[in-house]
Amino acid sequence: MVDAKPVGFVGLGHMGEPIARNLLGAGERLVVWTRRPARVADLVRAGAEGAGDVGEVLDRCDMVLFMLADATALEEVLGWDGTGFAHPLEVRTIVNLGTVSTSAAVAFHQRVREAGGRYVEAPVSGSRVPAQRGELVVMLAGDGDLDAVERLLSPTSRDVVRCGAVPAATATKLSVNAFLVSLVAALAESVHLAESSGVDLEVLHRVLDSGPMASAVSRLRLAAMLGHDYAPQTAIDDVARNCRLVLDLAEQAGARAPMTRQSHELYTRSSALGFGADDMAAVVEALRRAP
């Protein structure tokens with residue numbers, strides 16, 4: 001409807017920008033803000049309405065999506081870090097698309113409810129290319145009208161999956177990440193072993209891409225590892241941070257996560273080698289350059 005309130009979108013980084021563009025493409029009115037004015041200007045040229053700060057977004061919108069790097073970033077923009085005035089959230093629905101710890105998700109949920117708002121966690125599975133294609137998988141939990149949130153996010157996603165109460169969506173996302181980080185680390189080990197033992201890498205590429213273990217993730221990262229092309233889809237430093245969140249959840253739950261622990265070491269080593277801003281496929285460099 002023409003007179004319907006717009007939706008707010010805060011955070012136009014590596015993942016937020018393509019998600020916001022897909023929402024615009026689906027006909028949503030968006031009021032956007034991020035710390036870098038040039039990114040706001042880019043989205044305004046694509047049809048969004050720019051805001052001067054987070055407060056303006058919250059003033060103009062009843063539902064606001066946040067796609068920020070971590071829990072600290074969300075606390076900062078909402079004024080919860082003690083450096084400024086907390087923004088009023090009464091009757092607002094706060095939708096957090098980012099990945100945080102389960103303890104942070106519980107704390108955010110409580111704080112938003114105490115402020116008279118509703119909190120929805122909606123972490124996504126997928127990197128920048130699926131985000132651009134509208135092929136993410138959204139995990140959903142929280143308060144309020146989840147049907148409306150699901151309808152809103154459908155153009156960005158291959159599927160929107162209800163997970164239960166907060167922090168079930170976050171716990172689900174971290175469980176999925178345990179598989180992802182271990183998968184790419186194992187693929188790096190396969191490539192390194194083949195390189196070291198003289199295997200024809202074109203043959204390896206063909207066999208892995210044609211075999212039963214092939215996936216969109218493995219195909220993308222295998223090509224990147226063999227081509228030494230680490231244009232970021234999911235940055236090493238973000239992966240290392242997510243490994244830490246998985247390990248923290250495992251400790252809280254009394255679960256074992258040995259593969260995530262070893263993967264974390266490899267991603268951390270890759271970052272130390274200077275690949276922190278590169279794609280997670282660069283984890284292979286931790287093996288290639290091992291002392």
Side-chain angles (χ1 to χ4, degrees), residues 7-11 13-16 18-20 22-23 63-75 77-78 80 89 92-115 117-128 130-131 134-183 217 234 238-239 241-255 257 260:
V7 172
F9 201 106
V10 175
H14 199 65
M15 292 293 289
I19 293 173
N22 281 330
L23 291 173
M63 182 180 294
V64 182
L65 310 180
F66 291 80
M67 178 51 104
L68 301 170
D70 52 27
T72 299
L74 183 59
E75 290 172 344
V77 299
L78 288 175
W80 291 349
L89 302 178
R92 304 291 187 273
T93 297
I94 301 302
V95 182
N96 183 22
L97 302 172
T99 303
V100 299
S101 68
T102 53
S103 58
V106 170
F108 291 155
H109 183 219
Q110 180 177 351
R111 190 151 189 180
V112 171
R113 291 187 69 181
E114 289 174 350
R118 292 172 292 275
Y119 180 80
V120 176
E121 54 175 6
V124 301
S125 180
S127 57
R128 184 170 172 84
E135 296 176 352
L136 297 170
V137 176
V138 179
M139 289 145 278
L140 202 62
D143 300 327
D145 189 352
L146 294 185
D147 289 341
V149 177
E150 182 171 344
R151 285 193 299 271
L152 175 66
L153 293 177
S154 289
T156 73
S157 316
R158 176 177 292 164
D159 201 2
V160 180
V161 183
R162 305 274 183 108
C163 299
V166 175
T170 294
T172 302
K173 169 65 189 294
L174 295 177
S175 299
V176 169
N177 279 359
F179 176 45
L180 172 65
V181 301
S182 302
L183 171 69
V217 170
T234 304
D238 290 336
V239 176
R241 179 181 65 83
N242 274 273
C243 285
R244 187 67 260 164
L245 294 178
V246 172
L247 294 172
D248 289 346
L249 178 59
E251 184 176 354
Q252 294 168 19
T260 299

Seminar exercise, completed: All heavy atoms of P123 vs all of T99, minimum pair found to be CB-OG1, 4.3 Å
For this session: Answer yes or no: are there more than 12 heavy-atom neighbours, outside Q252 itself, under 6.0 Å from its atom CD?
Result: yes
Problem set entry | Closest contact, heavy atoms only, R128 versus M15 | N-SD, 3.6 Å
Exercise. What's the shortest heavy-atom distance between G13 and P18, and which atoms?
Worked result: O-CD, 4.1 Å
Exercise. What distance separates L68 CG from E75 CD, expressed to the nearest 0.5 Å?
Worked result: 11.0 Å
Exercise. Between D159 (side chain) and V161 (backbone), is there a donor-acceptor pair under 3.5 Å?
Worked result: no
For this session: Would you mind reporting whether M139 and S125 have side-chain heavy atoms less than 4.5 Å apart?
Result: yes
Problem set entry | Between CG on residue L174 and OG1 on residue T102, distance to nearest 0.5 Å | 7.0 Å
For this session: Might you work through the side chain to side chain contact (heavy atoms under 4.5 Å, CB included) test for L136 and I19, ending with a clear yes or no?
Result: CA-CA 9 Å; L136 297 170; I19 293 173; 3.8 Å; yes
Seminar exercise, completed: So CD1 of I94 and CG of L78: to nearest 0.5 Å the spacing works out to 6.0 Å
Exercise. Is R118 reaching over with its side chain to a backbone N or O of D143, donor-acceptor style, under 3.5 angstrom?
Worked result: no
Exercise. Do you know which two heavy atoms are closest between A141 and L146, and how far apart they sit?
Worked result: C-CD2, 4.5 Å
Exercise. Does the R241 side chain pair with the main chain of A69, one donor and one acceptor, at a distance under 3.5 Å?
Worked result: yes
For this session: Return the set of residues passing ring pair (Phe, Tyr, Trp, His ring centres under 6.0 Å) with F108 (not counting sequence neighbours), or none when no residue passes.
Result: W80
Problem set entry | From CD (E121) to OG1 (T170), nearest 0.5 Å | 3.5 Å
For this session: Salt-bridge test for D147 and R151: reply yes if a basic N is under 4.0 Å from a carboxylate O, no otherwise.
Result: no
For this session: Kindly check if the number of other-residue, nucleotide or ligand heavy atoms within 6.0 Å of CZ (R162) is above 12?
Result: yes
Problem set entry | Closest contact, heavy atoms only, A105 versus V166 | O-CG1, 3.7 Å
Exercise. S182: what forms a side chain to side chain donor-acceptor pair (under 3.5 Å) with it, not counting sequence neighbours?
Worked result: none
Exercise. Between the side chain of N96 and the main-chain N/O of Y119, is any donor-acceptor distance below 3.5 Å?
Worked result: no
For this session: Check the pair V149, L140 against side chain to side chain contact (heavy atoms under 4.5 Å, CB included), reporting the backbone distance first and the verdict last.
Result: CA-CA 9 Å; V149 177; L140 202 62; 3.7 Å; yes
For this session: Measure the shortest side-chain to side-chain distance between L153 and L97 over non-hydrogen atoms and say whether it is less than 4.5 angstrom.
Result: yes
Seminar exercise, completed: For T234 and S127, the nearest pair of non-hydrogen atoms, with its separation, is OG1-CB, 3.1 Å
Problem set entry | Spatial distance of atom CZ (R111) from atom CG (L89) [nearest 0.5 Å] | 9.0 Å
Exercise. Hey, does V124 have a side-chain heavy atom less than 4.5 Å from the side chain of M67?
Worked result: yes
Exercise. Counting N and O atoms only, with roles assigned by atom type, does the side chain of D70 sit under 3.5 Å from a partner on the main chain of A73, one being a donor and the other an acceptor?
Worked result: yes
Problem set entry | Pairwise side-chain contact, L183 with V217, heavy-atom cut-off 4.5 Å (strictly under) | yes
Exercise. SG of C243 to CG of D238: how many Å apart, nearest 0.5 Å?
Worked result: 11.0 Å
Problem set entry | Side chain to side chain, L23 and V7, heavy atoms closer than 4.5 Å | no
